[in-house]
Each structure stands twice: as C-alpha cells, then as structure tokens.
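Atoms within each ligand, like the ligands themselves, are counted from 1 in listed order.
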Amino acid sequence: MTNQQTNDSSNPDPTRPMSKNIGIVWFRQDLRIADNPALHAACAACDAIICLFIDDPCDQTVSQLGAASRVWLHHSLESLNQSLQSRGTELKIAQGDPIEILQQLSATYSANRLFWNRCYDPATIKRDKKIKTALAALSPESFNASLNAEPWETVKADGTPYRVFTPFWRMRAKSLPGTKPLSTPKAIAAAPDTKKRDNLFLHSIDSLALLPEKDWHLGMMSYWKVGEKSAMASLKRFLKNSVHFYANERNIPSVSGTSGLSPHLHFGEISPRQIMHVLTQHKGTLTGLNTDEETFAKEVIWREFAYTLLYHFPQTIKKPLDKRFEKFPWAKNQQKNLRAWQQGMTGVPIVDAGMRELYATGWMHNRVRMVVASYLIKNLLIPWQSGEQWFRDTLVDADLASNVMGWQWAAGSGADAAPYFRIFNPVLQGEKFDSAGEYVRLWVPELTDMPNKFIHKPWELDATERQKFDYPSPLVDLKESRQRALTAFDTIKQPANTE
Ligand SMILES: Cc1cc2nc3c(=O)[nH]c(=O)nc-3n(C[C@H](O)[C@H](O)[C@H](O)COP(=O)(O)OP(=O)(O)OC[C@H]3O[C@@H](n4cnc5c(N)ncnc54)[C@H](O)[C@@H]3O)c2cc1C
C-alpha cells in the first residue's frame, strides 16, 4: 500500500485537515504512570490527553472510603498530579455522575477516546458497563492494571472458581512472572485548555475535602510516604533487606519483616506485575525463587485470590459464603464490648496492641489482624461485619476484596477458611509471636514494666501487683468465651452449604 493510499483511507476528504485524537484517561485505583495500561494505550493512540479523576458518589474509590483511606487518597492524588505535571500535563478533578462529566468533557474538548483500568467490585463493574454503552461514541477501552491475571481467567477445569488457595496458586504460578511492565511515558501532551473548564473541574485536589478537619491524620501519615516512587522504593528496600527472612519474620509483629506495600497496591501506586518483575528479575522465573521469596510471591497472589472470590461471589461483601453462618447466634447488645475492642481496651494485651497500632498508623500486622478478628468474632461473639466495617474506616490499605476475605476467613464462613472450632488463643499467639512482649510494650505503654511472664496475661499477676498497672481487666474470660463460641457453632453445625 502506498502512502497516498494510506492517507486517502484515513482522511476521506483531503481538503479538510485531519482531526486529532483527543483521549480521556480516567484514573481510579491506578494512581501511577508506570505500567499503567490505560495511560500507555492513550499515549499511543492520541495526540493529546486529558488526565481525569472523578469523585463519583457511587464509586468504591471515593465515597465508600473510610477516613484513613481518604487521607491516603488525598496524598496519592497529589503525588500523581506532580508526576503528570513533570511530563507536561496535570490531573483534572471532577465531581459527580461520570456519564454526565465524560459527556461534557468530550463535547468541550472534542475528545473522541476514553481509557480506564478496570476495578472488580460489583458496584463499579455495573457502573462501568453502563458507561461503556452510554459513551460508545468515545470507543471506551478498559484494561487490567491491578492483577497479574483477570479474576475470570484462573478457574478450575470445569470452569468454576477455586475456593481453596493452594490449587489457585499452582494454576496462577504457571503464568508468572508474566509480561514485562509497560514503560513510563516520558511526556504526555495535554489537551488544549478551554475557557469552559471552570464549570467542569474542581480547582484543586483540596476541593475534594478528603482530609479531615481535625489534624489526627498528621500523626498517622508520619509513618508513611505516599506515591509511586515511594512504593517502588519500599519494594526495593524490602527485597534488599527483609525478603530473605520473610517466611519467619512476616509473623513477628515487632519487626518490620513485611513489605508495607498494601496501601500502595490498593491505590494502584504499584502493580503486582511490577512486583513480580522486580522479584524475579535476577532469576527470570518463579521457579528460581528461594522459599522466602516464593512465600512473598504467594502472599501477593492471596490478594488476587481475594479479588477472584469477590468477582465470583459478590454477595460475600455482606453475607457469609457458607450459608450456615446466616443463622449464627451472635451475642446481642455488644456496643460496649465493640467500643472497647475498637479502642484497644479489651484487657488482652496483644489484641489491644493491634487495635492501637491500627488507630495510630492506619495499618496492622497481618498476624495481629488474625488475632484481633478471631477475638472479636469468637470470644466476643460480635458479627464479623462489625469488624470489617471498623477496619474499612481505619486502615489505609482498606480493600473490599482483601478485607472481606480476611474477615470471612477469621469467621470460618469464607473460602479456604479456618474451621470455626479452631479458635486463636490470644495468650498463646502473643507468647509465640511476641515472646519478649516488645510489640505489646510499644503500643500498650501502660504495660512497659509488666514482667515478661505476665505480659500476655496480666490478669494472672497477683492482685496487689496488678493494681500498679493502669490497664483494664479482660472483658471476657478466654476459656469461658471459647466454650460459648463452640456451643454457638454447634447450633449451626450441619454439612457445609456454600451455594
Ligand atoms: C481480618 C483481616 C483483614 C484484612 N484486611 C485487609 C485489607 O483491607 N486490605 C489489605 O490489603 N489486606 C488486608 N488483609 C491482609 C493482610 O493483613 C495485609 O495485606 C498485610 O498485612 C499487608 O501488609 P504488607 O503489605 O506488609 O504485607 P506483605 O506480607 O508484605 O505481603 C505483600 C502483599 O501481599 C498481599 N497480602 C498479604 N497477605 C494477604 C492476605 N492475607 N490477604 C490478601 N492479601 C494479602 C498484600 O497486598 C500485601 O501488600 C487482612 C487480613 C485479615 C486477617
């Protein structure tokens, strides 16, 4: 085909100038410019790009966020904006119904293309389908930016989803580390500005009012560095210093033995593909990894297992996957105990340490998440949904898929869940994973001078000695409450029904 023919076919009327492709890239849970398939595709297909973030009242990325996540989102948007500015454009912020906003934008800027990266929660899937139909004129294209494989790709031979992690992992591992991450655009041509923009956009990220009026967030954010550069730096630091001890140290809450990547992953400041690529770059394949590295790779894939479960069983956001638990006889009128748990005042040191770490930093160690969840559900008999809701409000990494899976796992009602009768003993957990009580002393300073022997069971200390510590007595007796939980479980015991 000659050049003349090419020109003729793409521009049927040569007397008119060729129209430019103006694309909209709608950022959601993909707040990065590296390995961002939507941005990458837009840069390849368009002459100019509008980078957009929408505060949509129906969206998981904003309105459903808890207070801690809103703070993170604020800083993450700031960071993304800076990256975009250094490449010649900026992040525009709009608020309202995405269909209306995108329609107005395409009319104002003569935009003719739309790109985004997919989210997998049921509300967003439903909304996005609607948008694809309503805005078909913009030829919307969506991509996978947040998982190594799509939730519908890793299924059993009969096409049904996995409910157990190990075979899911084996299947997923076959295609890892996957393709190389996409390159970062060096420059992004901004769409020419228009006077009408004032009606379309908010003036700044501040206008979203994601930061609370009271300044509690300053303390929380002193533990974190937000944005894609920090995410990659954390990954590299972890791989250099900690991954070699991961299989053991990931269970010890007093050491920083884990990557701390969860909020970065949630907001898409780093992609799992980037993680797998950096993790395997010296060996090239997953099989070359040592046990610690492979354990870390598996944890990253646990997150994808959670996304797969959410995709196939969307009802589990609110309801137990194992239907027997719908009839579980939870304790009534537990507001006082729930409050004590939230405030880290249960009288069980490892539980209180975890809950206070969460409140102060917006994060809690995974081992302790399991302990505090088990205590709430089994010792206090408070429904897992109350714990899930509190975590959603206070975690900077609050993630619908991982949070729901974690809570259902702890309740014994989810996929690959711990059997209900396996009830964590918080004293034994503390003695095993925080043997010198360092973690407890860090977050429960009232117990600093508690002898090691009693650091995880201060109630066993002689009564006169105990009075010297300004620390609450346990809300419930651990042995009795364990028995109460087992009796409650007996009332729903019958063959599992997960359909
Ligand atoms: C009750 C409960 C609630 C939880 N809620 C959340 C949540 O809202 N958001 C969240 O990201 N994680 C949640 N988790 C999982 C886990 O606790 C965190 O992902 C982990 O503590 C994050 O720390 P890290 O990044 O240092 O993890 P690392 O040990 O460094 O692991 C690397 C990455 O793997 C993923 N990962 C690790 N463990 C798990 C797991 N058990 N389930 C799913 N993904 C995992 C995370 O994305 C994590 O960043 C929950 C666990 C429990 C028991």
Practice problem: Tell me whether the centres of the aromatic rings in His264 and Trp72 are closer together than 6.0 Å. | Solution: yes

Exercise. Could you list which atoms of ligand 1 come closer than 4.0 Å to a heavy atom of Leu265?
Key: 47 (O), 49 (O)

Exercise. Using a strict cut-off of 4.0 Å, indicate which atoms of ligand 1 neighbour a heavy atom of Met405.
Key: 42 (N), 43 (C)

Quiz item: What are the atoms of ligand 1, with element, lying closer than 4.0 Å to any heavy atom of Tyr246?
Solution: 28 (P), 29 (O), 31 (O)

Quiz item: Taking only heavy atoms of Trp363, which atoms of ligand 1 are found under 4.0 Å from at least one of them?
Solution: 22 (C), 23 (O), 26 (O)

Self-check item: Minimum non-hydrogen distance to atom 50 (C) of ligand 1, winning option of Arg369, Glu299, Glu249
Solution: Arg369

Quiz item: Counting heavy atoms only, which of Pro253, Ala373, Ser262 is nearest atom 49 (O) of ligand 1?
Solution: Ser262

Exercise. Could you pull out, from Ser259, Ser234, Ala411, Ser69, the option with a heavy atom nearest to atom 30 (O) of ligand 1?
Key: Ser259

Quiz item: Of the listed options (Val243, Val368, Asn366, Asn403), which comes nearest to atom 17 (O) of ligand 1 when hydrogens are ignored and any heavy atom counts?
Solution: Asn366

Quiz item: Just which atoms of ligand 1 are under 4.0 Å from any heavy atom in Leu261?
Solution: 25 (O), 49 (O)

Exercise. Check each atom of ligand 1 against the heavy atoms of Val300 and keep those under 4.0 Å away; list them by number with element.
Key: 34 (O)

Practice problem: Give the numbers and elements of all ligand 1 atoms closer than 4.0 Å to a heavy atom of Ala398. | Solution: 8 (O)

Quiz prompt | Of the listed options Leu395, Asp397, Val396, closest to atom 9 (N) of ligand 1 (non-hydrogen atoms) | solution = Asp397

